[in-house]
Amino acid sequence: TYAGYDLVVVGSGFFGLTVAERAATELDKRVLVLERRSHIGGNAYSEVEPETGIEIHRYGAHLFHTSNERVWEYVNRFTKFTGYQHRVFARVGDQVYAFPMNLALINQFFGRSHTPDEARALIAEQAGEIDAKDVKNLEEKAISLIGRPLYEAFIKGYTAKQWQTDPTQLDPSIITRLPVRYTFDNRYFNDKYEGLPVDGYTAWLEKMADHPNIEVRLDVDYFEVRDQIPAGTPTVYTGPLDRYFDFSEGELGWRTLDFEQEVVETGDFQGAPVINYNDAEVPYTRVLEFRHFHPERDYRTDKTVIVREYSRFAESGDEPYYPINSQDNRAKLQRYRDLARKETANGNVLFGGRLGTYKYLDMHMAIGSALTMFDNRLRPYFTDGKALSGTESED
Ligand code: FAD
Ligand code: UDP
């Protein structure tokens, strides 16, 4: 039966589990979590590869990082974190460079040493062909940041593979998160806190769901059981926004990834967790080697598991991974947001998470945004009888 719950949460990713955990723990509400897949955790789910015993992330490498104090305090209630610091290498031609752009990469690429001032001057000169103020697309943005030679080696081919869209048609915001540093620091993230869950992602996610007020049902698609849920039951929906409205405004475009997993008969395939393959001719974008995410673990040393990652447009039936920030999609999204607002007011359904808002959210952002939804919508609804639609405007 689907009756007798105070709150229904559709989807057991970080967004859904955070909402469920808060409502169960803070408000003593009975929460039903419905999950279409046969496991909890959404895309952060991890599992042990049986042949090697190595923890793999089934839906792509997940690195936790945040500067949000509240999120950091919250996540530490469910897991400890290792001291892992993410570093990525980039293969161009027959060289491997320490990524992102930093002094080591600049020196190796241009074949001589530069002081920070010399490197700055060099890049400023190469980037000078485009005025940062006039930047209209990803290509111009990249050239204005790093100049054309580095753009062509490190960005152009990789971006073409990742997006299959001409870089002059892509939004500049896609690469603003890639830092350029005039030091030898090659940490990938700038955030204050970083690490991987000591016992893996799935242990963390299970701990969040482990509460007597929370019932998780796997292999249940919300749309198949919706008529059995009493009308008006407060619901937090974290599935795809367009699916909820039967695609009435058209399908929102997504990119998906194909993961080609292989067990290799060596203790170490590439010496690093992630190597990007930046040349357009190599069909995959990057190779992950999961053992390197946990150097503290005693993994067997005669085998290793690697994953080659390929990117393409999602078709129906594919996992939606990255929203596509194009004009067409933005226009549809606007119409779906209007529908969602009405549905919140009339049907008591809130929309959240990566799929429910059609926004690329890192884990810490999904958790932070779920905590905010709990504070601003769910708590006032349950404790003061306020409408779920609230009063403040959506972003
Ligand atoms: P999801 O995790 O997608 O969960 C949604 C859940 O809803 C899914 O389990 C789905 O099965 C379920 N669902 C959907 N429809 C229905 C339905 N009709 N009925 C029942 N259940 C339904 N973040 C980082 O911080 N660091 C990283 O390194 C990182 N790497 C990433 C790499 C990739 C390839 C991808 C795609 C994402 C990455 N992320 C990373 C982002 C991270 O995965 C998200 O922040 C997180 O998954 C968001 O959680 P969510 O709950 O919003 O969505
Ligand atoms: N990018 C690139 N070369 C790289 C890595 C990234 O050109 O070696 C660009 C590419 O357009 C990509 C964007 O920067 O989509 C963001 O990269 P990031 O690694 O943050 O993306 P994710 O890990 O989410 O795929």
Side-chain angles (χ1 to χ4, degrees), residues 8-19 33-45 57-66 71 86 88-92 97 99-101 138-139 141-142 146 150-151 153-163 165 167 170-179 188-189 191 194 196 201 205 217-226 236-241 243-244 254-257 259 274-278 285-286 288 293 309 311 319-323 352-357 359-370:
V8 171
V9 173
V10 181
S12 65
F14 271 118
F15 194 98
L17 288 183
T18 300
V19 164
V33 178
L34 301 178
E35 173 55 58
R36 188 172 55 180
R37 290 175 176 165
S38 56
H39 61 76
I40 67 161
N43 284 353
Y45 175 74
H57 305 167
R58 192 191 283 185
Y59 306 94
H62 277 66
L63 297 315
F64 188 81
H65 54 95
T66 187
V71 168
H86 194 45
V88 172
F89 294 81
R91 180 157 178 151
V92 174
Y97 299 85
F99 207 63
M101 313 293 161
L138 187 149
E139 176 164 299
K141 174 80 190 177
I146 59 173
L150 290 175
Y151 165 73
F154 292 96
I155 307 291
K156 195 177 178 183
Y158 189 96
T159 300
K161 288 191 283 186
Q162 173 82 1
W163 296 95
T165 302
L170 289 169
D171 197 83
S173 66
I174 291 172
I175 57 150
T176 39
R177 64 202 218 135
L178 280 182
Y188 208 64
F189 301 117
D191 278 324
E194 181 177 354
L196 290 173
Y201 279 98
L205 292 152
R217 290 195 202 163
L218 302 175
D219 299 304
V220 177
D221 188 322
Y222 170 66
F223 297 105
E224 314 254 299
V225 302
R226 181 155 58 160
V236 174
Y237 174 82
T238 74
L241 183 58
R243 168 70 185 91
Y244 187 92
W254 292 88
R255 298 202 58 76
T256 193
L257 299 174
F259 299 109
V274 179
I275 296 191
N276 290 352
Y277 281 72
N278 298 56
T285 51
R286 53 190 174 190
L288 318 176
F293 288 118
E309 212 175 286
S311 172
E319 291 292 346
Y321 284 142
Y322 297 100
R354 199 175 50 89
L355 302 166
T357 58
K359 261 194 242 169
Y360 183 87
L361 299 176
D362 276 326
M363 293 178 278
H364 66 105
M365 295 158 84
I367 294 165
S369 134

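Below, each value reflects all heavy atoms present in this structure, side chains not excepted, and no hydrogens, waters or symmetry copies. Sequential numbering from 1 along the given sequence is applied to the chain's residues. As the structure is a prediction and not an experimental result, all values here were calculated from the model. Note that ligands are numbered from 1 as they come in the structure, with each ligand's atoms numbered from 1 the same way.
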Selection from Gly13, Gly239, Ala44 by shortest heavy-atom distance to atom 14 (C) of ligand 1:
Gly239
May I ask you to check if ligand 2 and Tyr158 share an N or O to N or O distance below 3.5 Å?
no
From the options Val274, Ile174, Thr159, select the one whose nearest heavy atom is closest to atom 13 (C) of ligand 2.
Ile174
For ligand 2, is there an N or O atom under 3.5 Å from any N or O atom of Leu138?
no
Kindly assign one of parallel, tilted or perpendicular to the pair His57 and Phe293, based on the angle between their ring planes and the thresholds 30° and 60°.
parallel
Would Leu361 count as a polar contact of ligand 1, with the cut-off being nitrogen or oxygen pairs under 3.5 Å?
yes
Fit a plane to each ring of Tyr322 and Tyr360, take the angle between them on a 0 to 90° scale, and name the class: parallel (under 30°), tilted (30 to 60°) or perpendicular (over 60°).
parallel
State if Phe64 counts as touching ligand 1 under the rule of any non-hydrogen atom under 4.0 Å.
no
If you have a sec, work out which protein heavy atom is nearest atom 47 (O) of ligand 1 and how many Å separate them, to one decimal?
Asn43 CB, 3.9 Å
Is a donor on one side and an acceptor on the other found under 3.5 Å between the side chain of Asn278 and the backbone of Phe154?
yes
Please state which part of Leu17 comes within less than 4.0 Å of ligand 1, counting heavy atoms only: side chain, backbone, both or neither.
neither
Output yes when a side-chain donor or acceptor of Glu194 lies under 3.5 Å from a complementary backbone atom of Thr66, and no otherwise.
no
Counting heavy atoms only, which of Arg354, Met365, Met363 comes nearest to atom 52 (O) of ligand 1?
Arg354
In terms of its nearest heavy atom to atom 29 (C) of ligand 1, the top option of His39, Arg226, His62 is His62
Does ligand 1 come near enough to His364 that some N or O of the ligand is less than 3.5 Å from an N or O of the residue?
no
Does Pro240 have a non-hydrogen atom less than 4.0 Å from ligand 1?
yes
Hey, is Thr66 one of the residues with a heavy atom under 4.0 angstrom from ligand 1?
no
Report the part of Ile155 (side chain from C-beta onward, or backbone N, CA, C, O) that has a heavy atom under 4.0 Å from ligand 2; answer both or neither where that applies.
both
Under 4.0 Å from any heavy atom of Leu257, which atoms of ligand 1 are there?
34 (C)
Need the ligand 2 atom indices (1-based, order shown) with element for anything under 4.0 Å from a heavy-atom of Asn278.
3 (N), 4 (C), 8 (O)
Any atoms of ligand 1 less than 4.0 Å from a non-hydrogen atom of Tyr59? List them with their elements.
33 (C), 34 (C)
For ligand 2, is Arg286 a contact, meaning one of its heavy atoms is under 4.0 Å away?
yes
Find all atoms of ligand 1 within a distance of less than 4.0 Å from any non-hydrogen atom belonging to Phe223, and give their numbers and elements.
18 (N)
Does Tyr222, backbone or side chain, put an N or O under 3.5 Å from an N or O of ligand 1?
yes
Got an N/O contact under 3.5 Å between Ala61 and ligand 1?
yes
What part of Leu34, side chain, backbone, both or neither, has a heavy atom within less than 4.0 angstrom of ligand 1?
backbone
Heavy-atom nearest neighbour of atom 28 (O) of ligand 1 within options Leu63, Asp221, Val19:
Leu63
Which ligand 1 atoms, with their elements, are less than 4.0 angstrom from a heavy-atom of Gly353?
52 (O)
Counting both backbone and side chain atoms, is some N or O of Ser12 under 3.5 Å from an N or O of ligand 1?
no
Measure from the side-chain N and O atoms of Arg58 to the backbone N and O of Asn43, and report whether any donor-acceptor pair falls under 3.5 Å.
no
Look only at interatomic distance and state if Phe15 has a nitrogen or oxygen under 3.5 Å from any nitrogen or oxygen of ligand 1.
yes
Hey, is ligand 1 close enough to Gly60 that some N/O pair sits below 3.5 Å?
no
Quick check on contacts: which atoms of ligand 2 are under 4.0 angstrom from a heavy atom of Gln162?
15 (O), 25 (O)
Selection from Ala370, Ala366, Gly11 by shortest heavy-atom distance to atom 48 (C) of ligand 1
Ala366
Measure from atom 39 (N) of ligand 1 to every heavy atom in Tyr360, Trp254, Phe259 and give the option owning the shortest one.
Tyr360
Quick check: does any side chain N or O of Tyr45 sit under 3.5 Å from a backbone N or O of Gly13, one acting as donor and the other as acceptor?
no
Near Tyr322 (heavy-atom distance under 4.0 Å), the atoms of ligand 2 are 22 (P), 24 (O), 25 (O)
At a 4.0 Å threshold, what atoms of ligand 1 neighbour a non-hydrogen atom of Val220?
19 (N), 20 (C)
If we count only N and O atoms by modelled type, under 3.5 Å, do the side chains of Glu319 and Tyr59 hold a donor and an acceptor together?
no
Do the numbers put Arg243 on top of the ring of Phe223, so that NZ or CZ is under 6.0 Å from the six-membered ring centre and no more than 45° off the axis?
yes
Would you confirm whether Thr18, through its side chain, and Gly16, through its main-chain N or O, come within 3.5 Å as a donor-acceptor pair?
no
Angle between ring planes, Tyr244 versus Tyr222, binned at 30° and 60°: parallel, tilted or perpendicular?
parallel
Can an N or O of Tyr322 be found at a distance shorter than 3.5 Å from an N or O of ligand 1?
no
Heavy-atom nearest neighbour of atom 3 (N) of ligand 2 within options Phe154, Phe189, Tyr321
Phe154
Ligand 1 to Asp362, heavy atom cutoff 4.0 Å, flagged ligand atoms 23 (N), 24 (C), 25 (O), 26 (N), 40 (C), 45 (O)
Short N/O distance, under 3.5 Å, between Glu35 and ligand 1?
yes
For the side chain of Arg36 and the backbone of Gly11, is there at least one donor-acceptor N/O pair under 3.5 Å apart?
no
Ring center gap for His65 and His364 short of 6.0 angstrom
yes
